K.L.:
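Here it is, the structure in full.
For ligands, and for the atoms within them, numbers begin at 1 and follow the listed sequence. The first residue of the sequence shown is numbered 1, and numbering continues consecutively from there. Given the structure is predicted, the values throughout are model-derived calculations rather than measurements.
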Amino acid sequence: MHRRTCPLCEAMCGLEVHVDDGQVVLIRGDRDDVWSKGYLCPKGTTIGALHHDPDRLREPLVREGDTWREVTWHEAFARCEELIAGVLERHGRDAIAVYLGNPLAHNASLGRYTGLFIGLSQVANIYSPGPMDQWPRNVVSLLLYGNMWRIPTPDLHRTQHWLLLGGNPQASQGSLLACADVLGQIDAIRARGGKVVVVDPRRTGTADRADEWVPIRPGTDAALLAAMVQTLFAEDLTDLGALADVVDGVDEVRTLTAAFTPERVAATCGIPADTIRRMAREVAAAPSAAVYGRIGTCTQEFGTLASWLLDVVNVLTGNLDRPGGMMFATPLVESVTAIPPPDLEQGFVDRSRSRVRGIPEVLGQYPLSCLAEEMDTPGEGQLRALVTVAGNPALSGPEAARLDAALGGLEAMISVDNYLNETTRHAHVVLPGLSALEQPHLDDLILLWTVRSWARYSAPVFPRDDGRPEEWEILVRLGAMLAGLPSEGLDVQGIDDGYVAALAELWGVDPAVASSGSPGKGPERLFDVQIRCGPFGDRYGERPDGLTLEKLRAATDGLDLGPMQPQLRELLAVVGGRLALAPPYIAADLARLEARLDRDGDGLVLVSRRHLRSNNSWLHNMAVLVKGRDRCTLLIHPDDAAAAGVVDGAAARVSSTAGSIVVPVEVSDEMAPGVVCLPHGWGHDKEGTRLAVAREHAGVNYNELTPGDLYDPLSNTAVVNGIPVEVAPV
Ligand SMILES: Nc1nc2c(c(=O)[nH]1)N[C@H]1C(S)=C(S)[C@@H](COP(=O)(O)OP(=O)(O)OC[C@H]3O[C@@H](n4cnc5c(=O)[nH]c(N)nc54)[C@H](O)[C@@H]3O)O[C@H]1N2
Ligand SMILES: Nc1nc2c(c(=O)[nH]1)N[C@H]1C(S)=C(S)[C@@H](COP(=O)(O)OP(=O)(O)OC[C@H]3O[C@@H](n4cnc5c(=O)[nH]c(N)nc54)[C@H](O)[C@@H]3O)O[C@H]1N2
Ligand code: SF4
Ligand SMILES: [Mo]
């Protein structure tokens, strides 16, 4: 039996993996795991099936016309070099883009080496699902706390009041909230006399478990929160507590929100003014309260404003950085991903503009919808080549049909991916990574939002086949090719040594000491360097009781490192020690919100959902997860169904300005009237994929309806939730 941390989501459950004769025969929750204490979800039990999945790629593939040939790694890299060199020669590096997908946050090798890959490659066109996800949160954290990845986390173990907007941990298991068994924590909050309130256009599994469900009109959370802030001021309920002497801009916030009375926003939000006032009073009166938002507050029309106002409410009620409120985690390791890029010194916005629409970048990202148009619009600077790493933008990105077509027109496409799916089917070379069970694991980025500090190392369960490179090595080789360096004789170890030395130096440890104290290569060595340089580390002997990778290896069920600790003052050091509560960049957007209050309703709007048995687009090939009834359905309120003339079980056509799809209808009063809902990550009926099970449960692609011109201009984040649609019978 092997003990491991599940690498699929932020819950990071401890697993027992039972192996017999080279086969995973059973996976269950590790009851002794200090962090998850035996909790797991159905996805965690499929890590073995993923490893054994016959469709999972084990050898590199090279395209030959419409067919694929399995090739040696040597041949695959040679083909990559040929493709990249051709594009560099014909069009230059500006014709190349990189798309970095979500599993980077969960894969120990990819997460740690992507920065090196990008740095080596000198590619400037970087796309990711960030602006389809948490980019508003990153903007707010940068402006308020000086680091885009320092994201306040609800202290669920101690809070007495949890106000949750636009998140559904019953399905997602958390997100920017790493906690195993969030629903169990909801029960615990209620059992100790606290209260849990869920604001969501859908009565989700999380809302069902809470004390109160407040349905909201999609895209209007900023108006709701502004009215809560207005109430706090009007009723003299603000109390900054321990933060009073570090916060600037409180009076500005009062002035900026003065017009947003509960009566003024009620109709827009679809929430009675009395309810809004009561919500504000309850947060202010609670012994501790945590106001948290997630996808629903980010990927919408006012994503940045809403994300900011969440923090404003926490600050004004003294709940930021105090036990039971929204706190900052103390991660085991300094995250490699969270190292601020050097170009941040030149600002975080408008350092470049997109070629086709002239959109200013925000934190290095254009709207994801730019990817398709930059590929399919001819002219100087047109994108001709793409490298995807663990991403499936053909399903996950906006205007998906256009993106899919544009991928088919590239001169060169290389994908580092374990499957031949809707995106990678367009590649010229596919380079597969190892399965999770063939790799060591130690979390990195997501430790920045854990509800408790803890540590656990996972050793590989299976040895990898001889000659198969780890993903970090694939990235180093591709990075060097993009830089125009010859592959033959590339000193991969030397590049890795230089990288690790630079990181040690950044973390205040002599690189020579780190390199002799932490021998080896790749992620395993980096784990040791990170742990030893981190807040709990031994700093190579300076703190003899501190942690090392060796000590962690010995602790097979993990080490508990304690509850979250107040630390805002230390964080603020990088921004002069003050918290500027009303950054002009964000405050200026309140005018747009005010104008929204005068806009009539948009008719029917569409929002997204997740399911416990799904993980974005890529677990639908696991038979145990997709069996049972069809989950890719359009949820619609009975009144809206009647008005549209659609009935339960029959097909409906859903159309937006971007496109139209046909999908089975599921009539349900769990939807707020005026809002319909589809899951994302489906649409597995494309030709040329190798996903036998997923094809049988194809579903339809939500993002064929996601318009490219709808985005939150402060963060370039796509409006995925609140898309105007029409529904008609077929
Ligand atoms: N099982 C599973 N787990 C996952 C994933 C998965 O695909 N499947 N994906 C992972 C990833 S990448 C992420 S980012 C996280 C996301 O984690 P969550 O944000 O918790 O996930 P969702 O289930 O999408 O919840 C978003 C909720 O927002 C609501 N909503 C939509 N529009 C609005 C709005 O305008 N206002 C408000 N208040 N609510 C709105 C939706 O109805 C939905 O219930 O989940 C992660 N975990
Ligand atoms: N409509 C709508 N669209 C959405 C969202 C939504 O809520 N609604 N959510 C958005 C969000 S939050 C996100 S994060 C994005 C996700 O967007 P993406 O990251 O583009 O998509 P995923 O479905 O996560 O695709 C993961 C890819 O990584 C591959 N993969 C998995 N594990 C590994 C590995 O270990 N190594 C390698 N090399 N490859 C691996 C899979 O085969 C798959 O191709 O989708 C976004 N799109
Ligand atoms: S909740 Fe499920 S997918 Fe997430 S870490 Fe736990 S077992 Fe894995
Ligand atoms: Mo995400």
K.L.:
Can you list the protein N, O or S atoms less than 2.8 Å from atom 8 (Fe) of ligand 3?
P.N.:
C6 SG
K.L.:
What atoms of ligand 1 come closer than 4.0 angstrom to any heavy atom of N102?
P.N.:
12 (S)
K.L.:
Is the closest N or O pair between E471 and ligand 2 shorter than 3.5 Å?
P.N.:
yes
K.L.:
Give yes or no for whether the N/O distance cutoff of 3.5 Å, strictly under, is met between R217 and ligand 1.
P.N.:
no
K.L.:
Going by side-chain contact (heavy atoms from CB on, under 4.5 Å), L50 matches just one of N621, V24, N418, L619. Which one?
P.N.:
L619
K.L.:
So if I count the atoms of ligand 1 from 1 in the order they appear, which ones are less than 4.0 Å from some heavy atom of T204?
P.N.:
44 (O)
K.L.:
Under 3.5 Å, N or O to N or O, is V416 touching ligand 2 that way?
P.N.:
yes
K.L.:
Find out whether V389 and L110 are in side-chain contact, i.e. whether some heavy atom of one side chain is under 4.5 Å from a heavy atom of the other.
P.N.:
yes
K.L.:
Could you tell me whether T206 approaches ligand 1 through its side chain, its backbone, both or neither, with non-hydrogen atoms closer than 4.0 Å?
P.N.:
neither
K.L.:
Short N/O distance, under 3.5 Å, between R202 and ligand 1?
P.N.:
no
K.L.:
With a cutoff of 4.0 Å, is R613 in contact with ligand 1, counting heavy atoms of the residue only?
P.N.:
no
K.L.:
With a 4.0 Å heavy-atom cut-off (strictly under), which part of D417 contacts ligand 2: side chain, backbone, both or neither?
P.N.:
both
K.L.:
Quick one: does I295 get an N or O within less than 3.5 Å of an N or O on ligand 1?
P.N.:
yes
K.L.:
If you measure every N or O of V607 against every N or O of ligand 1, does any of those distances drop under 3.5 Å?
P.N.:
no
K.L.:
Please report which non-hydrogen protein atom sits nearest to atom 20 (O) of ligand 2, along with the residue it belongs to and the distance in Å to one decimal place.
P.N.:
Y99 OH, 2.6 Å
K.L.:
Does a side-chain heavy-atom distance below 4.5 Å link N125 with V98?
P.N.:
no
K.L.:
Test of understanding: given a 4.0 Å heavy-atom threshold, classify the contact between P103 and ligand 2 as side chain, backbone, both, or neither.
P.N.:
side chain
K.L.:
Is there at least one pair of N or O atoms, one from S614 and one from ligand 1, spaced under 3.5 Å apart?
P.N.:
yes
K.L.:
With a heavy-atom distance limit of 4.0 Å, tell me whether P129 approaches ligand 1 through its side chain, its backbone, both, or neither.
P.N.:
neither
K.L.:
Could you tell me whether V389 approaches ligand 2 through its side chain, its backbone, both or neither, with non-hydrogen atoms closer than 4.0 Å?
P.N.:
neither
K.L.:
If we ignore angles and hydrogens, is there a donor and acceptor under 3.5 Å between the side chains of H426 and D404?
P.N.:
yes
K.L.:
Judging by distance only, is a nitrogen or oxygen of D221 under 3.5 angstrom from one on ligand 1?
P.N.:
yes
K.L.:
Find all atoms of ligand 2 within a distance of less than 4.0 Å from any non-hydrogen atom belonging to N421, and give their numbers and elements.
P.N.:
42 (O), 43 (C), 44 (O)
K.L.:
Is there a side-chain contact (heavy atoms from CB on, under 4.5 Å) between V291 and L165? Walk through the geometry before answering.
P.N.:
CA-CA 8 Å; V291 185; L165 301 89; 4.0 Å; yes
K.L.:
Where on Q173 is there a heavy atom closer than 4.0 Å to ligand 1, on the side chain, on the backbone, on both, or on neither?
P.N.:
neither
K.L.:
Contact between G219 and ligand 1, counting heavy atoms under 4.0 Å?
P.N.:
yes
K.L.:
In terms of atom number and element, which parts of ligand 1 are under 4.0 angstrom from non-hydrogen atoms of H611?
P.N.:
1 (N), 2 (C), 8 (N)
K.L.:
I'd like to check whether N168 has a polar contact with ligand 1, where a contact means an N/O of the residue lying under 3.5 Å from an N/O of the ligand.
P.N.:
yes
K.L.:
So between N418, L8, L606, T423, whose heavy atom ends up nearest atom 34 (C) of ligand 2?
P.N.:
N418
K.L.:
Among A672, G167, S172, which one has a heavy atom closest to atom 46 (C) of ligand 1?
P.N.:
S172
K.L.:
Does any part of the side chain of N168, heavy atoms only, come nearer than 4.5 Å to the side chain of R609, both counted from C-beta?
P.N.:
no
K.L.:
Using a strict 4.0 Å cut-off to heavy atoms of N721, name the atoms of ligand 1 that fall inside it.
P.N.:
31 (C), 32 (N)
K.L.:
Considering the heavy atoms of S175, write down every atom of ligand 1 situated less than 4.0 Å from one of them.
P.N.:
13 (C), 14 (S), 15 (C), 16 (C), 17 (O)
K.L.:
Where's the contact between T299 and ligand 2, heavy-atom distance under 4.0 Å: side chain, backbone, both or neither?
P.N.:
neither
K.L.:
For atom 19 (O) of ligand 1, which candidate among E10, R294, R610 holds the nearest heavy atom?
P.N.:
R294
K.L.:
Under a heavy-atom criterion of less than 4.0 Å, does R609 contact ligand 2?
P.N.:
no
K.L.:
Tell me whether V199 has any N or O atom under 3.5 angstrom from an N or O of ligand 1.
P.N.:
yes
K.L.:
Applying a 4.0 Å heavy-atom criterion (strictly less than), which segment of M132 is in contact with ligand 2: side chain, backbone, both, or neither?
P.N.:
both
K.L.:
With a cut-off of 4.0 Å, which atoms of ligand 1 are near a heavy atom of L612?
P.N.:
1 (N)
K.L.:
Crowded around R58 CZ? As in, over 12 foreign heavy atoms under 6.0 Å?
P.N.:
yes
K.L.:
Does ligand 1 have an atom that lies less than 4.0 angstrom from a heavy atom of Q134?
P.N.:
no
K.L.:
Do any nitrogen or oxygen atoms of T297 lie less than 3.5 angstrom from nitrogen or oxygen atoms of ligand 1?
P.N.:
no
K.L.:
Show the atoms of ligand 1 that are less than 4.0 angstrom away from any heavy atom in P218.
P.N.:
34 (C), 35 (O)
K.L.:
Before you tell me yes or no, could you show the steps for V198 and R209 under side-chain contact (heavy atoms from CB on, under 4.5 Å), namely the whole-Å CA-CA distance, both residues' side-chain angles and the distance that decides it to 0.1 Å?
P.N.:
CA-CA 9 Å; V198 173; R209 201 77 169 243; over 6 Å; no
K.L.:
Look at the aromatic rings of W135 and W149 and report parallel, tilted or perpendicular, splitting at 30° and 60°.
P.N.:
perpendicular
K.L.:
Among protein heavy atoms, which lies nearest atom 21 (O) of ligand 2, and at what distance?
P.N.:
N392 N, 3.6 Å
K.L.:
For ligand 1, which atoms, with element, lie under 4.0 Å from some heavy atom of A171?
P.N.:
1 (N), 2 (C), 3 (N)
K.L.:
Decide whether an N or O pair under 3.5 Å exists between K43 and ligand 1.
P.N.:
yes
K.L.:
Students often mix this up, so state it plainly: with edges at 30° and 60°, are the rings of Y127 and Y366 parallel, tilted or perpendicular?
P.N.:
tilted
K.L.:
Do the rings of W472 and Y113 sit parallel, tilted or perpendicular, given the 30° and 60° boundaries?
P.N.:
tilted
K.L.:
Tell me the nearest of Y702, W682, W618, Y419 to atom 31 (C) of ligand 2, using heavy-atom distances.
P.N.:
W618
K.L.:
At what distance is the nearest protein heavy atom to atom 22 (P) of ligand 2, and which residue and atom is it?
P.N.:
S617 OG, 3.7 Å
K.L.:
Among protein heavy atoms, which lies nearest atom 40 (C) of ligand 2, and at what distance?
P.N.:
A390 CB, 3.8 Å
